[in-house]
Amino acid sequence: MKAADFIALLKKFDFDSFYGVPDSLLKSFCKNIENEKNIIAANEGNAVALGCGYYLAKGKIPVIYMQNSGLGNCINPILSLADIYEIPLLFIVGWRGEPFVKDEPQHYKQGKLTREILNCIGVENEILSFDIKTAESQIKLAKEYVEKTGKSYAFVVKKGTFENENTQFREKFQDIKLTRKEAIEEILKFAPEDSFFVSTTGYISRELYRSSKDSARNFLTVGSMGHASSIALSVALEKKDKTIFCLDGDGALLMHLGAIGTIAQKSPNNLKHILLNNFVHDSVGAQPTSSKVMNFPKIFEGAGYKKIYSVDTLIKLREVLSDFIQNDELSFLEIKIKPEDGVDLPRPVNTPSENKIAFMEKLNEY
Ligand SMILES: Cc1ncc(C[n+]2csc(CCOP(=O)(O)OP(=O)(O)O)c2C)c(N)n1
């Protein structure tokens with residue numbers, strides 16, 4: 001069905017406020033709520049809390065949208081906020097890793113358990129129909145259920161439920177020329193021989209995988225969005241003779257921003273934290289993050305990072321890379337890059353477990 005028709009139906013039943021984190025299966029849905037009352041949250045737990053605040057203020061039921069991998073981030077606010085205060089929420093959950101549908105390894109377990117998790121936390125759920133007429137009766141039933149019980153309800157959304165649309169979020173960023181590929185290739189050129197990389201979820205890991213000559217030096221954090229920097233911190237603390245790079249994205253960084261306080265507190269001088277800031281969630285359709293209003297150099301400086309750099313061209317990147325890498329203090333480098341479709345980027349052929357083994361062997365080689 002067309003996402004616009006589904007959203008019109010939601011509004012017909014008075015579901016007209018949206019809070020969430022974008023998902024690739026919900027690309028068209030996200031595009032069509034762009035001009036509705038919609039807040040893109042830093043993480044899915046925040047989205048639940050935002051929805052609860054809306055309910056407190058208006059007495060109306062919010063729509064909370066997310067990829068199923070975000071369920072883990074919101075179980076606590078579902079159980080200890082929405083549930084105990086009896087605040088009903090309507091969830092729209094993208095079903096990555098649906099059983100018997102080909103997907104990436106990080107989605108299989110989550111996909112298999114999605115409906116079980118929802119059942120387990122007491123959220124009634126139903127697979128959203130591809131057919132608009134059936135979807136209308138489903139929304140009607142969901143509305144009756146949430147109003148009668150005060151409990152939440154979830155629609156689980158299969159791949160292909162919403163027709164593909166050209167989402168065109170990227171066209172707003174014409175002024176930045178530097179690409180993800182150029183930035184990562186340049187970092188790799190400057191990185192010392194004993195470097196190791198921990199990269200974040202999505203296109204950044206896929207680009208590192210494509211550009212790097214030695215994949216055993218890269219830990220590709222294919223799932224677990226927002227946690228690459230914490231992994232890198234522990235590796236850096238335990239392997240002080242190696243240079244550890246974290247390649248972060250703005251969506252991922254913001255999802256668990258508190259991690260930078262922990263990093264600064266420990267301040268390993270061999271950790272090089274790089275933010276590839278494209279101002280959007282590029283990997284799932286380029287929906288905006290709150291990056292535009294954030295001053296990352298000031299935030300990292302305030303958190304306690306010792307050396308701070310920010311660049312937005314290849315020339316400036318080349319100018320700062322040696323200093324950024326060679327200085328002997330905890331360092332942060334923001335690289336502003338242009339959003340760019342990465343559908344043609346290769347996906348790792350090795351399994352996550354094989355990646356882990358190769359990385360550990362290399363890290364402990366000498
Ligand atoms: C907990 C969780 N929520 C949502 C997603 C879906 N997701 C995968 S990549 C991504 C966007 C990441 O954005 P950013 O870190 O800015 O990197 P970019 O894609 O722009 O390179 C999202 C939302 C996820 N994998 N995990």
Side-chain angles (χ1 to χ4, degrees), residues 19-27 29-30 40-48 64-77 91-97 103-111 114 117 157 159 167 169-170 172-173 176 178-181 183-184 198-211 220-230 246-257 259-260 273-292 294 296 334-343 345 347 352:
Y19 305 90
V21 176
D23 171 31
S24 52
L25 298 189
L26 303 179
K27 233 183 252 185
F29 175 87
C30 290
I40 299 178
N43 63 55
E44 293 79 0
N46 285 174
V48 168
I64 314 292
Y65 60 94
M66 69 184 75
Q67 181 176 104
N68 52 351
S69 52
L71 281 174
N73 277 340
C74 62
I75 286 179
N76 175 252
F91 290 100
I92 308 283
V93 182
W95 199 0
R96 296 295 304 262
D103 209 328
E104 295 308 303
Q106 66 271 25
H107 295 295
Y108 283 131
K109 196 68 174 257
Q110 193 87 51
T114 295
I117 292 171
V157 178
K159 189 174 180 180
T167 50
F169 286 112
R170 293 182 181 89
K172 296 175 191 156
F173 295 87
I176 301 174
L178 183 57
T179 65
R180 183 193 311 113
K181 181 172 191 288
I184 292 180
V198 180
S199 54
T200 187
T201 318
Y203 289 164
I204 291 174
S205 274
R206 286 168 63 186
E207 183 57 65
L208 178 66
Y209 175 72
R210 169 164 77 179
S211 299
L220 309 175
T221 316
V222 291
S224 205
M225 181 172 160
H227 295 301
S229 64
S230 297
C246 172
L247 297 188
D248 229 339
D250 48 304
L253 173 72
L254 291 165
M255 186 165 267
H256 295 297
L257 190 59
I260 69 169
H273 196 165
I274 298 177
L275 170 64
L276 292 153
N277 183 8
N278 53 16
F279 303 87
V280 294
H281 292 101
D282 221 2
S283 309
V284 292
Q287 306 83 352
T289 66
S290 52
S291 241
K292 233 182 172 168
M294 316 277 290
F296 287 112
E334 175 187 35
I335 310 176
K336 292 180 183 163
I337 56 169
K338 88 171 179 198
E340 213 180 9
D341 200 342
V343 282
L345 284 169
R347 296 178 186 276

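Both ligands and their constituent atoms are indexed starting at 1 by order of listing. Keep in mind that this is a model prediction, so the values were computed, not measured.
- With sequence neighbours excluded, the residues forming a side chain to side chain contact (heavy atoms under 4.5 Å, CB included) with Asn73 are Asn43, Glu44, Met255, His256, listed by chain and number.
- For the pair Val21 and Gln67, the minimum side-chain heavy-atom distance is 4.5 Å or more.
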Check step by step if ring pair (Phe, Tyr, Trp, His ring centres under 6.0 Å) holds for Tyr65 and Phe91. CA-CA 6 Å; Tyr65 60 94; Phe91 290 100; over 10 Å; no

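- Residues that satisfy the side chain to side chain contact (heavy atoms under 4.5 Å, CB included) test with Ser211, not counting sequence neighbours, are Ile184, Glu185, Leu188, Glu207.
- Under the 4.0 Å criterion applied to side-chain N and carboxylate O atoms, Lys159 and Asp103 are not assigned as salt-bridge partners.
- Listed by chain and number, the residues in a side chain to side chain contact (heavy atoms under 4.5 Å, CB included) with Ala47 are Tyr19, Ala41, Ile64 (sequence neighbours excluded).
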Could you go through ligand 1 and list every pair where one of its N or O atoms sits under 3.5 Å from a protein N or O, giving the atom names and the distance to one decimal?
residue	atom	partner	partner atom	Å
ligand 1	3 (N)	Glu44	OE2	2.6
ligand 1	15 (O)	Gly251	N	3.3
ligand 1	15 (O)	Ala252	N	2.8
ligand 1	16 (O)	Asp250	N	3.4
ligand 1	16 (O)	Asp250	OD1	3.2
ligand 1	16 (O)	Gly251	N	2.7
ligand 1	16 (O)	Val280	O	3.0
ligand 1	19 (O)	Asp282	N	3.2
ligand 1	19 (O)	Ser283	N	2.8
ligand 1	19 (O)	Ser283	OG	2.5
ligand 1	20 (O)	Asn278	OD1	3.2
ligand 1	20 (O)	Asn278	ND2	3.0
ligand 1	20 (O)	Val280	O	2.9
ligand 1	20 (O)	Asp282	N	2.9
ligand 1	25 (N)	Gln67	OE1	3.3
ligand 1	26 (N)	Ser69	OG	3.2

